[in-house]
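The block underneath contains the structure these notes are about, expressed in structure tokens.
Throughout, a chain's letter reflects where its sequence line sits, starting with A, and its residues are numbered from 1. Only heavy atoms go into these numbers, but all of them, side chains included; no hydrogens, no water, no symmetry mates. This structure is a prediction, so every number in the text was calculated from the model and none was measured.
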Amino acid sequence: MTQSHIAIVDCNNFYVSCERVFNPQLCNMPVVVLSNNDGCIIARSNEAKALGIPMGAPYFKWKRMIEDSGVAVMSSNYALYGDMSSRVMQVLAAIAPAIEIYSIDESFLDFSNLPDTLNPVDLADRLRQQVAQWTGIPVSIGMASSKTLAKIANRLAKKNPSKHGVANLTDPTEIATTLAATDVEDIWGIGRRWARMLKACNIMTAADFRSCSDSWVRQKMGVVGLRTLHELRGIPCVSLELESPDKKSICVSRSFSTPVMEHAALTDRLSDFASRAAAKTRKTGLVAGYITVFVRTNRFQKDRPQYSNAVTLTFPEMTAHTADILAATRQGLAHIYRPGYEYKKAGVLLTNLMRQDMTPQSLWTHAGSPKTLIVKEKRNKLMQAFDGINGRFGHGSIAYGIAKRKNNWFMRQEKVSPRYTTRWEDLPTV
DNA sequence: TCTGGGGTCCTAGGACCC
DNA sequence: TCTGGGGTCCTAGGACCC
């Protein structure tokens with residue numbers, strides 16, 4: 001068996017980099033990108049990080065400082081980021097032996113079994129240059145024998161300018177010094193809670209953690225923590241997933257820019273979420289068995305009356321049909337809606353998903369009978385036409401009557417860039 | 001005034017069964 | 001004064017990720 005070697009390619013400050021590709025004035029200056037409703041800061045350029053602006057911070061708390069420091073602020077433009085992501089991944093997939101797309105801005109690549117003539121660092125350099133040339137996005141690449149170590153190598157590549165964006169972490173001495181310089185909370189798989197617990201036990205760095213005993217880690221952090229421990233020792237426990245598995249849940253939820261009190265208004269918004277969720281489900285060729293509808297008040301306003309509730313309903317027959325999902329959403333909301341509260345967030349979650357062609361037939365519909373088949377066929381064709389129109393002209397171009405009243409509740413999005421790559425009208429001109 | 005959205009996996013404990 | 005033992009399935013909640 002050959003030694004495992006894994007590379008992770010991570011786009012630098014991805015959302016900011018996407019904005020910069022089409023608006024070069026944003027280069028060499030501090031830039032942040034905001035979440036939906038311009039609520040939180042979810043991406044920062046290096047210059048913005050240097051100013052001390054933290055990831056995930058509420059925008060309103062930093063607005064003053066951001067304005068005073070001349071930081072450029074962009075609302076998020078997911079149509080642009082999603083499209084840029086697939087371009088980056090296409091370049092990687094064309095060159096690398098095998099790829100696992102891990103998130104919108106990261107991919108793991110299989111560098112095991114490279115031919116002797118091909119040095120992994122040379123291959124990584126080539127990938128970096130090719131992605132930069134063909135998409136304009138800068139990436140960093142870390143390599144090691146496990147995913148967790150590759151992640152640490154990636155941080156090294158980003159932090160250490162002498163690495164020029166590529167770090168291959170294989171030398172035991174370099175691994176030891178790098179782990180000693182890595183804070184325990186910067187390990188992939190160690191979040192805030194576990195970091196706090198570990199630090200309380202005087203385990204401060206990745207090197208400290210690596211020398212903990214298996215039994216102690218197993219007891220405190222379960223098998224997940226144990227896996228991370230072994231990965232840090234260079235034993236791969238998290239394998240590459242070359243085929244992306246089917247989703248197990250599909251969720252559409254939003255916070256509202258202003259609170260919603262009325263049942264009818266909540267129905268409007270949830271109906272929109274429901275039809276988006278239905279379209280997402282059809283797009284992946286799945287059908288849902290259960291639906292959960294949830295609502296909640298603003299959890300940050302502790303002096304206001306709080307209410308949060310959810311209900312799960314079972315579909316009589318698995319479905320991805322907008323009409324079924326809308327009906328269930330309205331039924332679910334009727335169960336959990338209580339008047340007198342200021343609702344801040346709501347959503348629809350579809351679970352028990354299955355490939356449509358694997359769906360068990362209901363006992364009651366005589367699924368095989370010619371009449372039922374014709375009805376099903378008609379319903380499916382309706383949804384195909386529906387998706388075709390919305391795919392071409394944008395979500396909501398066509399909608400069920402109950403899903404679309406007046407959409408006068410737009411998201412707050414004051415600084416959004418054009419959809420340069422996915423809308424003809426927004427194509428940049430040169 | 002203003003605090004995102006979408007996922008995964010694991011575990012403990014209860015219900016139920018023999 | 002006493003009240004088995006073991007297995008499976010399901011779910012809620014907790015941890016994590018980007």
Tell me: [atom1] of [X] to [atom2] of [N], nearest whole Å?
X	N	atom1	atom2	value
A:Glu241	B:dT8	CD	P	12 Å
A:Lys344	B:dG5	NZ	P	9 Å
A:Ile190	C:dC18	CD1	P	12 Å
A:Arg196	C:dG14	CZ	P	13 Å
A:Phe14	C:dC17	CZ	P	21 Å
A:Met65	B:dC2	CE	C1'	18 Å
A:Tyr78	B:dG6	OH	C1'	10 Å
A:Asn36	B:dG6	CG	C1'	11 Å

Requested in this report: May I ask you to decide if A:His5's main-chain N or O and A:Ser112's side chain share a donor-acceptor pair within less than 3.5 Å?
Outcome: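 Yes; at least one donor-acceptor contact below 3.5 Å.
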Consider the side chain of [X], meaning its heavy atoms from C-beta on, and name the nucleotide among [options] that approaches it most closely.
X	options	value
A:Ser103	B:dG7, C:dC18, B:dT3	C:dC18
A:Lys247	B:dT8, B:dG5, B:dT3	B:dT8
A:Arg227	B:dG5, B:dC9, C:dC18	B:dC9
A:Trp194	C:dC16, C:dC18, B:dT8	C:dC16
A:Lys61	C:dC18, B:dT11, B:dT3	B:dT3
A:Ser255	B:dG5, B:dG6, B:dC2	B:dG5

Requested in this report: Would you kindly compare A:Asp246 and A:Gly56 by the position of their nearest DNA chain B nucleotide and give the one closer to the 5′ end?
Outcome: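 Here A:Gly56 is the residue nearer the 5' end.
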Query - First of A:Ile42 and A:Val223 reached from the 5' end of DNA chain B, by closest nucleotide - result: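 It is A:Ile42 whose nearest nucleotide is closer to the 5' end.
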Query raised in the report: Does a side chain donor of either A:Asp10 or A:Ser140 reach within less than 3.5 Å of an acceptor in the other side chain?
Result: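 Side-chain D/A pair, A:Asp10 to A:Ser140: absent.
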Query raised in the report: Does the side chain of A:Ser417 pick up a donor-acceptor pair with the side chain of A:Glu19 at under 3.5 Å?
Result: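 Result is yes, a qualifying pair exists.
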Check whether any side-chain N or O of [X] sits under 4.0 Å from OP1 or OP2 of [N], and answer yes or no.
X	N	result
A:Ser76	B:dG4	no
A:Gln301	B:dT3	no
A:Lys345	B:dG5	yes

Any base atoms under 4.0 Å from [X], or only sugar-phosphate, or nothing? Heavy atoms, all strands.
X	result
A:Tyr102	sugar-phosphate
A:Lys248	sugar-phosphate
A:Leu34	nothing
A:Leu226	nothing
A:Asp38	nothing
A:Lys280	sugar-phosphate

Query raised in the report: Does the gap between the ring centers of A:Trp216 and A:Phe209 come in under 6.0 Å?
Result: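 No, ring centres 6.0 Å or more apart.
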Query raised in the report: Can you tell me how far OG1 of A:Thr205 sits from CD1 of A:Ile187, rounded to the nearest 0.5 angstrom?
Result: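 Here the interatomic distance stands at 8.0 Å.
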Requested in this report: Drop me the distance from A:Ile137's CD1 to A:Asp105's CG, to the nearest 0.5 angstrom.
Outcome: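 A:Ile137 CD1 to A:Asp105 CG: 10.0 Å, rounded to 0.5 Å.
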Query raised in the report: Considering Watson-Crick and G-U wobble pairs with both distances under 3.5 Å, what does B:dC18 pair with?
Result: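 Its partner is C:dG5.
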**Report entry** Atom of A:Ala328, atom of A:Val293 and distance for their closest heavy-atom approach
**Finding:**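 Residues A:Ala328 and A:Val293, closest heavy atoms: O-CG2, 4.5 Å.
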**Report entry** B:dC16 and C:dG4, which share atom name C1', separated by this distance in whole Å
**Finding:**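 C:dG4 and B:dC16 have their C1' atoms separated by 16 Å.
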